Amino acid sequence: MRFATWNVNSIRTRVDRVIAFLERCDVDVLAMQEIKCKPEQFPTEAFTAAGYHVAVHGLNQWNGVAVASRLPILHIDTHFAGQPAFGDPAQVEARALGVTLGHKEGTDFTIWSLYVPNGRSLDHPHYAYKLAWLAALKAEAARWLSADSQARIALVGDWNVAPFDEDVWDISAFEGSTHVSEAERRAFFAFAEDGWEEVTRERVTNYTYWDYQKLRFVKNEGMRIDFVYASPALAAAVSEVEIDRNERKGKGASDHVPVIVTVDE
DNA sequence: ATGCCAACACAATGTTGA
């Protein structure tokens with residue numbers, strides 16, 4: 001079984017490229033972020049025609065998360081318990097989608113497609129929101145592991161945190177910026193305290209994002225901010241991880257590339 | 001090489017992204 005996460009930066013703009021990726025890489029489950037549309041605007045037919053079920057959560061043109069799966073969908077959560085709200089009026093944004101999928105012989109698999117708030121700047125309310133959001137997710141996710149130590153759960157997506165200095169092309173260019181602050185890094189690493197294992201770090205080295213501006217991709221000035229935290233039972237079954245850097249090439253590319261995880265059956 | 005900001009709503013710019 002193979003699952004992937006990809007910040008697609010608008011599914012309506014990118015649907016042909018996403019479907020081609022699913023087929024080319026033989027991906028069974030894809031968690032998408034930044035679909036930038038409501039469910040009724042989502043190109044469901046293209047996924048259905050390719051053999052995928054879809055779960056979609058989007059409230060407006062911002063954010064939005066979805067899961068496409070060859071496996072049957074058993075359960076959908078459009079937010080996690082305690083997920084913080086933001087804005088005026090405060091709204092629980094479309095940044096988390098939990099989907100439980102039927103798997104072989106009753107071994108269900110739950111994937112959470114996560115789009116962690118950007119933070120904007122260290123002195124912006126969005127930054128406090130980002131830290132609160134990560135802390136609330138950690139608290140709730142710890143309960144999932146406590147409830148079932150053998151559960152196969154993946155917390156995947158655009159974490160908007162570069163956990164190590166080498167996850168950005170030049171740490172000196174990020175002085176005073178979000179994504180690299182100590183508080184954000186602590187909030188990211190804290191998941192490991194509860195047993196979550198980030199399974200991509202030890203298996204592959206590459207950036208997952210390159211800004212559209214300033215020839216960042218050509219100069220390979222990127223950031224590594226898309227990650228996969230797996231429950232212990234799932235982490236034990238991971239056999240391979242790939243970052244599909246080729247998806248950043250050419251006309252019509254997202255600024256993020258897919259991260260693909262292969263799991264032994 | 002991989003190529004010089006993109007996508008959204010809304011109708012000219014403003015917002016968001018990292």
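Every chain is numbered from 1, with letters handed out A, B, ... down the list of sequences. Predicted, not measured: the structure shown is a model, and the values here were computed from it.
- Here A/E247 lies out of heavy-atom contact (under 4.0 Å) with every strand.
- Residue pairs meeting the ring-ring contact (aromatic ring centres under 6.0 Å, His included) criterion with at least one member in residues 235-263 of chain A, sequence neighbours excluded, are A/Y209-A/H256.
- A/K36 pairs by the salt bridge (Lys or Arg N to Asp or Glu O under 4.0 Å) definition with nothing, not counting sequence neighbours.
- In this entry the distance linking CG of A/N220 with C1' of B/dT2 reads 10 Å, nearest Å.
- Looking at A/D226 and A/T208, their side chains do bring a donor and an acceptor atom within 3.5 Å of each other.
- If you check every strand for non-hydrogen atoms under 4.0 Å, A/R12 touches sugar and phosphate atoms only.
- Taking the salt bridge (Lys or Arg N to Asp or Glu O under 4.0 Å) definition, one finds that A/E34 meets it with nothing, sequence neighbours left out.
- For B/dG14 and B/dA18, the P atoms lie 22 Å apart once the distance is rounded to whole Å.
- Partners of A/Y115 under the ring-ring contact (aromatic ring centres under 6.0 Å, His included) rule, at least two apart in sequence or in another chain, do not exist in this structure.
- With rounding to whole Å, A/R248 atom CZ is found 18 Å from B/dA1 atom P.
- A close approach under 4.0 Å does occur between a side-chain nitrogen or oxygen of A/R14 and OP1 or OP2 of B/dA7.
- Taking only side-chain nitrogens and oxygens, A/S254 never comes nearer than 4.0 Å to OP1 or OP2 of B/dA6.
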- Note on the structure: Under a 4.0 Å heavy-atom criterion, the protein footprint on nucleotides 13-18 of chain B, written with B, S and -, is --BSSB
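- Side-chain N/O atoms of A/T13 include none lying less than 4.0 angstrom from OP1 or OP2 on B/dA6.
- For the C1' atoms, the distance linking B/dC8 with B/dC4 amounts to 22 Å, nearest Å.
- Distance check on atom P: B/dG3 versus B/dA7 gives 14 Å, rounded to whole Å.
- Every residue was checked against the salt bridge (Lys or Arg N to Asp or Glu O under 4.0 Å) condition with A/E198, not counting sequence neighbours, and none meets it.
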